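This report concerns only the one structure given below.
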There are 2 protein chains.
Amino acid sequence: MSAPSLRARVRSEMSQEIKAVARRHLATDGANLSLRAVARDMDIVASALYRYFPSRDALLTALIIDAYDAVAAAATEADSAVPRDDLRGRWLAVCRAVRTWAIANPAEYGLIYGAPVPGYAAPPDTVKPAARVILLLIDIVIDGADRLRPVKASPISAPLRADLRRLIEQRPGDVMEERLDRVLVAWTHLFGVLNFEVFGRLDDMIEARTEYFDHHMSLMADLTGLPH
Amino acid sequence: MSAPSLRARVRSEMSQEIKAVARRHLATDGANLSLRAVARDMDIVASALYRYFPSRDALLTALIIDAYDAVAAAATEADSAVPRDDLRGRWLAVCRAVRTWAIANPAEYGLIYGAPVPGYAAPPDTVKPAARVILLLIDIVIDGADRLRPVKASPISAPLRADLRRLIEQRPGDVMEERLDRVLVAWTHLFGVLNFEVFGRLDDMIEARTEYFDHHMSLMADLTGLPH
DNA sequence: ACCTATTCGAGAACACTGTTCTCGCCGAAC
DNA sequence: GTTCGGCGAGAACAGTGTTCTCGAATAGGT
């Protein structure tokens, strides 16, 4: 394994720079950013971009993967800054980290959690980074399995239970179906609130955004059985 | 008030036809549908569309308003098909109606509940139709205020409580702050699940979609205090 | 029945877009 | 030192939203 050649290094720096400029354009133009415009911003002709990304979709895909990694990184860092046995603290920290990132990068958030472009099929490279947040949430309940409060019984239908069992088998660490179910509920709610906030559905409605969010996430922690 | 002139009638029919064709294109091309393409589908030249809609954004806005009206209509119809005192039945009927519409019209759903186009500011015409679903949900708890089960206490911070009180004052029919809070939680969750399902985040994860949805909505009904 | 004013669709034009192809150029490897 | 691969420039093509002008049709008023 030799050190990366100079060529390879400047190539990677160039790709990084292109993505950075594209991210800036994302903030103003959304998903229909213009290749030619980012090329202009780099004093480069548009066709030159094709040396680094085979198409506009490929560039967007790269941005999507970066975005998934960025949320996951923010969430993971927030989680590790809290003592591992403070389950509720970790839970809230992760949720708040996701929110902070989403509010700071609304366009990138919209790119990954908004409506997908119909023609665009998410490449397989995106599914692993996309799952990291939910896996983090599951880890929290796995780590504290013995300290969790029992969830109020709520019948789960057989087919749904089968889905849950399949999910559990796919990964190391055991969880009860009911518990995983609640984690999925909380996970759904996390992004439900964030979609509403980031996409402007709370405008002229809720002013106390942070309190609103914390309150929702706290309710979800209760529902999941995280101890106080 | 005279009957609409012939001119006005064919004009409105033409607008309707344009929107219908545009809706078809929405399903395949999403929000970046092509004016020229819908014009071609109508054996019309693109500039002729400008007699009916001043811009592409205006056409999209019309589609957005129609979409809001369509969900609201589906929800309202489902609600009125259930006896008014069957609160839980009404609640589930409304949620399922929204889901059915969303799955049948994923592109239009994405248009109104996905990420907004950054440059595009939602015109005031859209805010009233947009609010109809949440108002319907609030109506359910207002209608059955005396039959609701008490919600488990969960402290609401002062600023958030102020928001809730303001919302309550804005409309006829009285609700407790705690109750409105739970309705907002349920409302958030409804669209949280739907976003995940329609936008494909449940792929390779949950097969029993209907059961999954019903289960979530049932939990939300519990949380809101709707009687069994 | 005529005249007029308004509305409509066609078509050309402009400034964009993503993408492809060809052509020089420069640096790296043999 | 020559060859080769990668890189950027530039032209080209098809397609886009939007504006403008120009005939034709048509409704309303007399």
Side-chain angles (χ1 to χ4, degrees), chain A residues 1-26 28-64 111 117-121 123, chain B residues 1-26 28-64 111 117-121 123:
Chain A
M1 65 165 56
S2 62
S5 73
L6 174 69
R7 268 268 239 269
R9 224 168 43 221
V10 317
R11 188 175 212 294
S12 137
E13 278 176 25
M14 192 73 176
S15 294
Q16 226 58 34
E17 172 79 9
I18 293 173
K19 288 195 288 184
V21 177
R23 254 187 295 269
R24 285 208 318 262
H25 281 241
L26 206 61
T28 64
D29 298 338
N32 36 2
L33 58 87
S34 152
L35 275 194
R36 290 184 119 109
V38 334
R40 270 195 300 272
D41 266 24
M42 302 184 62
D43 289 310
I44 280 295
V45 87
S47 62
L49 293 182
Y50 284 75
R51 300 281 169 192
Y52 302 91
F53 297 94
S55 73
R56 211 191 71 119
D57 270 8
L59 174 55
L60 281 183
T61 302
L63 292 181
I64 288 175
L111 197 59
V117 183
Y120 171 90
Chain B
M1 64 165 55
S2 60
S5 72
L6 173 69
R7 268 267 241 269
R9 224 168 41 222
V10 315
R11 188 174 211 294
S12 138
E13 278 177 25
M14 192 72 176
S15 293
Q16 226 58 33
E17 171 80 9
I18 293 173
K19 287 194 290 184
V21 177
R23 253 187 296 268
R24 285 208 318 263
H25 281 243
L26 206 61
T28 65
D29 298 338
N32 37 1
L33 58 86
S34 152
L35 275 195
R36 290 184 119 108
V38 334
R40 270 194 301 270
D41 266 23
M42 303 184 63
D43 289 309
I44 278 294
V45 86
S47 62
L49 294 181
Y50 284 75
R51 299 282 169 189
Y52 302 91
F53 297 94
S55 73
R56 211 191 72 119
D57 270 8
L59 174 56
L60 281 184
T61 301
L63 292 181
I64 288 176
L111 197 60
V117 183
Y120 171 89

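As the structure is a prediction and not an experimental result, all values here were calculated from the model. A, B, ... follow the sequence lines: proteins, then strands. Residue 1 opens every chain.
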Say you draw a straight line from [atom1] of [X] to [atom2] of [Y]; how long is it, rounded to the nearest 0.5 Å?
X: B:His25; Y: B:Asp41; atom1: NE2; atom2: CG; answer: 3.5 Å
X: A:Glu17; Y: A:Tyr52; atom1: CD; atom2: OH; answer: 11.0 Å
X: A:Leu59; Y: A:Lys19; atom1: CG; atom2: NZ; answer: 9.0 Å
X: A:Leu111; Y: A:Thr61; atom1: CG; atom2: OG1; answer: 9.0 Å

Would you check if the side chain of B:Arg56 reaches a backbone N or O of B:Leu33 as a donor-acceptor pair within less than 3.5 Å?
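Pair found, side chain donor or acceptor close to backbone of B:Leu33.
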
Expected output: side-chain A:Ser12 to main-chain A:Ala8 donor-acceptor under 3.5 Å:
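Not at all, since once roles are kept as given, no pair shorter than 3.5 Å links the two residues.
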
Measure the distance from [atom1] on [X] to [atom2] on [N] and round it to the nearest whole Å.
X: A:Glu13; N: D:dG6; atom1: CD; atom2: C1'; answer: 17 Å
X: B:Ile44; N: C:dC8; atom1: CD1; atom2: P; answer: 12 Å
X: A:Met42; N: D:dA9; atom1: CE; atom2: P; answer: 11 Å
X: B:Phe53; N: D:dT18; atom1: CZ; atom2: P; answer: 13 Å
X: B:Arg9; N: C:dT7; atom1: CZ; atom2: P; answer: 18 Å
X: B:Asp57; N: D:dT18; atom1: CG; atom2: P; answer: 7 Å
X: A:Arg56; N: C:dT17; atom1: CZ; atom2: P; answer: 11 Å
X: B:Leu49; N: D:dT16; atom1: CG; atom2: P; answer: 12 Å

Stepwise side-chain contact (heavy atoms from CB on, under 4.5 Å) check, A:Ile44 with A:Met14
CA-CA 11 Å; A:Ile44 280 295; A:Met14 192 73 176; 4.3 Å; yes

Whether the side chain of B:Ser47 and the base of C:dG11 hold a donor-acceptor pair under 3.5 Å is what I'd like checked.
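Present.
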
Residue [X], side-chain heavy atoms: nucleotide from [options] that is nearest:
X: A:Ala46; options: C:dT19, C:dC8, D:dG8; result: C:dT19
X: B:Tyr50; options: C:dC8, D:dG17, C:dC21; result: D:dG17
X: B:Arg51; options: C:dT17, C:dA10, D:dG8; result: C:dA10
X: A:Arg40; options: C:dT17, D:dT16, D:dG8; result: C:dT17

Does C:dA28 have OP1 or OP2 under 4.0 Å away from a side-chain N or O of A:Arg11?
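No.
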
For DNA chain D, what residues of residues 28-36 of chain A have any heavy atom nearer than 4.0 Å?
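The answer is A:Arg36.
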
